[in-house]
Every structure is written in C-alpha cells, then in structure tokens.
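Just below is one structure, and these are the notes that go with it.
Letters go in sequence order (proteins before strands), and every chain restarts at 1. Values below: all heavy atoms of this structure, side chains included; hydrogens, waters and symmetry mates excluded. No experiment lies behind these values; they were computed from the predicted model shown.
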There are 2 protein chains.
Amino acid sequence: MSKTAKNTTLKDIAQEAGISAAAVSKVLNNHGGASKATQARVHEIAKRLNYSPNIVAKSLKVNKTKTLGLVVSDSSHSFFGAVIKGAQEEAAQLGYNIILANTNRDKENEKEAINTLIGKRIDGLLLASSRLTQRSDIRYLDSLNIPYVFLIRRSEDKKAPFVGNDNIAGSKAIVDHLIKTGSSRIHFLNMDKASTSSADRLKGYTAALKDNGIKYDPSLVYNTKPDIQEGYTVIRNILESGQRMEALFCGCDILGIGAMEAILEYGLKIPKDVRVCGYDDIEFAAYLRRPLTTMRQPKQSIGVKGIENLVARVEGIDDKQNVVVLKSELVVREST
Amino acid sequence: MSKTAKNTTLKDIAQEAGISAAAVSKVLNNHGGASKATQARVHEIAKRLNYSPNIVAKSLKVNKTKTLGLVVSDSSHSFFGAVIKGAQEEAAQLGYNIILANTNRDKENEKEAINTLIGKRIDGLLLASSRLTQRSDIRYLDSLNIPYVFLIRRSEDKKAPFVGNDNIAGSKAIVDHLIKTGSSRIHFLNMDKASTSSADRLKGYTAALKDNGIKYDPSLVYNTKPDIQEGYTVIRNILESGQRMEALFCGCDILGIGAMEAILEYGLKIPKDVRVCGYDDIEFAAYLRRPLTTMRQPKQSIGVKGIENLVARVEGIDDKQNVVVLKSELVVREST
DNA sequence: ATATACAGGTTAAACGATTAACCAATTTTA
DNA sequence: TAAAATTGGTTAATCGTTTAACCTGTATAT
C-alpha cells in the first residue's frame, strides 16, 4: 500500500496533452473554448491516467465543499437510521456528501461537533432532534453563516427552517383512536419534558381529551428519556404502586417496547387488560411481542425533504418553504 | 443568512497582531518560535475574531483530510446502525470525520460511491458488508492508494484487512445449541449465496452437524436476501409444501423475524413446534413476538476496532493486525 | 480591404493554510 | 571576547484547482 503514490493532476494531463492546465480544466468542466480534437484528447488522457479531480483543491478555490453536516443524537437508533438513509441518498442524488456526527443527546457535544464540521467548511447543516432549540441557540446557529434545517424536533423559534411531522395532530389522532375504541382513562408516558416534540405531543394528548369531553388528569402523565429500560421501569413502578391502567400512550415506540415488557411481565394482557400505543413506527414495531399501534412518521422522507430544503438554501434557491410538515399515519395493530 | 460573510483567516489575525501569517500559523499549531506575549495576543485575537481554521486549505497543503469513508449496504438497517455509531464515535475520538455512503447491495453503486469518496481525498476507507470481496476487487481497491479495512464481511483474499466476528465458530455454536437441546433435523435459511459470510455460516452449520454425527442434508438449506418479507415468503412456502420443520437456523435476525411470522401465522407454536434462532442480535431481537435466540455480534465494537485499525494504517503505525476476529456470543431466548 | 467576431487557447492570480529556508538581534558558552 | 546558539520572527513557495483577463490567428461582415 504505497502511500506516497501521487495522484494525477490537471498539470499532468496538460503536459501530456501539450496544453495549459487551465485549458484542461475548462474541457473537463465543459466551460467551452476548446476544439473537438483537444476535448477528445484531454478526456482520453484523463481516463488513461485515471484522473480524479482533487475536490479539496476545488473546494478551496470555489469556497464550496459539496458536503453537508448531519448531526443526530444517536445514529444507532432505528428511527434515525431511516432518516440518515433518506438524507444520505438524497444528498448523493444532488451531488453532495454527508458527514455524520453523534451528540448522544448532549448540547455541548452537539456544539463541539458543529464546530468541527464548520472547520471542514460544510455547505449546510442538518440538525436532527437537536438540543439547540432555544431562541438563544438560533443566534449561535445564525452566527455560523451557513444554512441549517432542523429535522424532527423544531426550534422554539417557529420561523426556523424545519422538516418533520405534526406532533400535535399525530398525537391527537392516536389518542382519539384510543378514546374512540373505548378508553377514557389514558396514561401518557411522554419523552423528556424539555423537547419541543414532547411538548407538542402533550398538546395533542390534551386536545384529544378536550375534544372528547374528558377531563385532563396530570397525574396520568409521566416523562422519561426514550430508552427501553426507562419505559420498562416507569411502567413497572406505576403498576406496582397499584394504579389501575387501561390504556397507555407512549411518546415513542421505544418507550412502548419497554412498557409492554413491563405490562406483560406483570401478568396483564395486551390489549385485553391494557391497550398500548407508541409513536414513530420504527422498523420492528410490527414484529414485537404485541405488534404495536403507532403513528408512522415518514422517517426517510424527513431525511429526503430535509436535504432538499437545505440544498435549496445552500444553492440560493428561494422558492423553498421554511417549515415543511409531513403527515404521519395511524397504524393500528394488535396492541390496541 | 448572509452567504457572503467571509470567514476569518490567518491573514486577518496576522494583520491585527502585526505579524506574519506564518507566525500565526506556528502559534496556533504550537510549533514554537514565538514569545509568550505574541502567543497570548494571537490566541486572544483568534478567539475574538471567532477564527476557525480552514481545514480544506490545510488538507490541500498537507495532503491529508482527516476524513474517512464508510460504505455500507444500507445505513437504515439496525445492524449497521450500531456499526456506524461505533465507527463514527471512535473516529471523532481520533480526530477524524466520517463520510457515509450507501450502496443498496449493488457493486456498481459501491464503486461509484468509492470514486466520489476518492475525489474528496479521504484518508482511508471502511467497507462494511462490501460486494468487493473477490480477488479482482482487491486489485481495484489497491489501485486507490489508500488504506482500507473490510468490516463484517471479509474478502476472498484472507490477507485483506478485516474486522468482524468468526462466522464459522458462531454458526457452529448456535447449531450446536439447537442440537444439544434436542433437534437433529435443522433447516437453515441462509443469506445470499455469494457472500463470504454466508459461506462461512454454512461451514459452521455443516461442522456442527458433522461433530454431532448428523448427516448433512442440502435440501434443508435455503438462501435468500436478508429481508423480513423474503424470510416470511421462503418459510411460508416450505411449510405449505408440507415439509416438516422442527428447528430453523436463520442466517440473520431479519430473516428470523420473517420466519417467525410465517411459522406463527401457519398455526405452529414457537418454540414448542418449531424452534427458531437467528444471528446478529439486532437491537430488538429480545422484544419480538418470540424473543429470538441468536448470536450476538459485537456490532459497535466492529465499528470501533475497524476505525482503530484503519487509522493505524492511515497514520503508518505498523503494530496492527491484519485480521481482527471478535467473539460473538450465544444469547438463548424464548424462541428455542 | 478593413473592422469585427470568434475559436482556441495562454497567463497569472487566487483560495488559506503549512513549512523550509533564511535572518537579525540577543544570549550563552568556552 | 569571539564564536555559537537561541529567540522570534519573515519570506516565499507550495498544495491543485478555477477564472478573469488577455492574446493570436482565422473567418465573417460591411
């Protein structure tokens, strides 16, 4: 593996073809001003010498890297997997590459990751489930001087570019489903209180109750971080405290999985004793102990639309929307 | 979002500090040759002007980008999610970034992806479940003149750098488990025939049979691509053909999920009538309809070790192993 | 026939860093 | 005290492109 082997450059081709490097550059970029014969010769030589343009040099010159940053809280999470794939493929389609960063749900990590991305001079930034959702964070993001788009979780500043689903409508729809199918006392295991997504899902929950004339009982609402074990623990504790539970809406499928484990282990039947639903429709939701009723978020589309929107910004196209809200879909399965 | 705002450069700092850009560079890189006072001044100005070194320029000069390529067949796949995360975090730790590429299991896509990565002048390449595993592909990869490491699926050329688990030992262990716990007629739903991983898993399967004095019956072995629906279809067809099935080893958990769906839908009980196991231990294997017995591959470690090994190559360290085989672990669950 | 346009290039500067080579002034060493 | 070494820098080249500005010879227009 000879690391010292030099790559072919424009100059090499120029020399071989007996013309200037500038001429070669123009040929290779179709910038005109070259005879058919020269064009053919240049292309032949380029192919023969296995030329691969040095994008680093080009980037330096044109001040664009054709690279976008994608920061996610946890790329191993099934949900993000789909988002990442959608984003990556759409980016490739549009001629961009993606550098991936993980934040592990930590704001400082996130800022650090963004800073190194900035050093690499990315053209734009996609923030999935970001922690930088406060108004003050927007000032920080704006100071980076590159376009950015929030994914999944929106900023407190509602004008900030965003692609995701309508959490209020989605959670209202799923709670409506629980009510219409017979429950009026509905526990809600939501995610971290801090996130705008959680806040919206709570709004949907209360809206559904109100619409159906049910009084909102805050003591039925719990918060924890999206983690199977956490979901298990919280629900187990509730059950062991002797509280009656007939229906449970989990803020995400991951919590739903943990919750179902706890419920089944406690000896209750799903859906006979307790009806459970989640949110997201992660890949395996249909194959769980009890296939899970959930709201299907258009995960891959979020990635795709996110990139589309970001690239439009990067390239200065201005017929783009600021806020793109995609539809989520109720998927009813065995668990309810 | 002013796109024209210029970033601070070394020159700006130099001007402000009244010294040359070279001096500033040295200060910022701790290359010595500057008074304490100058150092302090430079650092202060850099911070004040919000200086972020242009890594693109640096990369061009030093001919290293501190960027690695990671090509996977499908980043949305739960298994790769963990690998990607391990790789990304380890890379960050070592000062590298990762550009992600998807191939969708297509060799031409893979080559194309690699070519654009080469254009971006990545320092090294990680190939997860690559299609470029033939000897002729090694020549292609070598011609790229950058270090590469195979992940998960090894090359036919056994000397090629590789990080993954021992598929022969792993599949032998799990088939042993099926035999020791009472089955002698074991169906095997393996993945695509072409892959070295499948071939190794078949070797493990036959080795286990042989060790236990069971005759190998090729008519019990099926191949299909790793996809839930595929697994479902193949197994459903087998059952509908009237074949008796008492134990089933699936080449990956994904196939196991589809298989279990088919078996349960056909009215058979798991594990009473048919005992099923998979391979990989993807995140949700424990929460499926029937929690799945499987071999737990150290997915995140594969990513981590892969990067470690690749970076050692990139940086010319030579106490690295060529082939790193990590242990997989038998996880027995309800399905067997 | 003269001016004009165009085809097919060339030259040189620039992007923002790094780094080898050099230098003047001061300090240390013998 | 003279030579050597150190301190704290500077200059200029370089990485591989792109691109504005320029040039020259031929073809076309008037």
What is the separation between atom [atom1] on [X] and atom [atom2] on [N], rounded to the nearest whole Å?
| X | N | atom1 | atom2 | answer |
| --- | --- | --- | --- | --- |
| B:Arg41 | D:dG8 | CZ | C1' | 12 Å |
| B:Lys120 | D:dT17 | NZ | C1' | 15 Å |
| B:Ile55 | C:dA17 | CD1 | P | 9 Å |
| A:Arg121 | C:dC15 | CZ | P | 14 Å |
| B:His31 | D:dT7 | NE2 | P | 17 Å |
| A:Lys36 | C:dG8 | NZ | P | 10 Å |
| A:Ile19 | C:dT10 | CD1 | P | 6 Å |
| A:Lys64 | D:dT17 | NZ | C1' | 16 Å |

Checklist entry - Where each residue is assigned the nucleotide of DNA chain D containing its nearest heavy atom, which of B:Gln39 and A:Leu10 is assigned the position nearer the 5′ end? => result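 Its nearest nucleotide lies further toward 5', so the answer is B:Gln39.
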
- B:Gly33 vs B:Leu60, nearer the 5' end of DNA chain D by closest nucleotide: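 Going by which nucleotide is closer to the 5' end, it is B:Gly33.
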
Give one of base, sugar-phosphate or nothing for [X], where a contact means two heavy atoms less than 4.0 Å apart.
| X | result |
| --- | --- |
| B:Ala22 | base |
| A:Ser35 | sugar-phosphate |
| B:Ser59 | nothing |

| task | Report the nucleotide, chosen from C:dG9, D:dT14, D:dG9, that has the shortest atom-to-atom distance to any side-chain atom of A:Ala34. | result |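 The answer is C:dG9, which lies nearest to the side chain.
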
Minimum-distance nucleotide to A:Ala23 side chain [options: D:dG16, D:dA13, C:dT10]
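Looking only at side-chain atoms, A:Ala23 lies closest to C:dT10.
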
Quick check: any donor-acceptor pair below 3.5 Å linking the side-chain of B:Lys58 to the base of C:dT18?
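Looking at the base of C:dT18, it does not pair with any donor or acceptor on the side chain of B:Lys58 (distance under 3.5 Å).
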
Margin query: Is it the case that D:dT17 (base atoms only) and A:Lys26 (side chain only) share a donor and an acceptor within less than 3.5 Å, ignoring hydrogens and angles?
Written below: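 It does not, because no donor-acceptor pair links the side chain of A:Lys26 to the base of D:dT17 below 3.5 Å.
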
OP1 or OP2 of [N] sitting under 4.0 Å from any side-chain N/O of [X]?
| X | N | value |
| --- | --- | --- |
| A:Tyr51 | D:dT17 | yes |
| A:Thr38 | C:dG9 | yes |
| B:Thr9 | C:dG16 | no |
| B:Asn29 | C:dT18 | yes |
| A:Ser25 | D:dT18 | yes |

Exercise for the section: Would you mind checking if B:Lys47 and B:Glu16 are paired as a salt bridge, meaning a charged N to carboxylate O distance below 4.0 Å? Expected result: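 Here B:Glu16 does not pair with B:Lys47 in a salt bridge, since their nearest N and O are not under 4.0 Å apart.
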
Any chance the side chains of [X] and [Y] put a donor and an acceptor closer than 3.5 Å?
| X | Y | answer |
| --- | --- | --- |
| A:Asn97 | A:Lys66 | no |
| A:Asp74 | A:Ser76 | yes |
| A:Asn104 | B:Glu89 | yes |

B:Leu70, B:Val72, B:Leu151 screened by side chain to side chain contact (heavy atoms under 4.5 Å, CB included) with B:Phe80, the one that passes =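 When B:Leu70, B:Val72, B:Leu151 are each tested with B:Phe80, the side chain to side chain contact (heavy atoms under 4.5 Å, CB included) holds only for B:Val72.
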
B:Glu110 side chain to B:Arg105 main-chain N or O, any donor-acceptor pair under 3.5 Å?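 No.
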
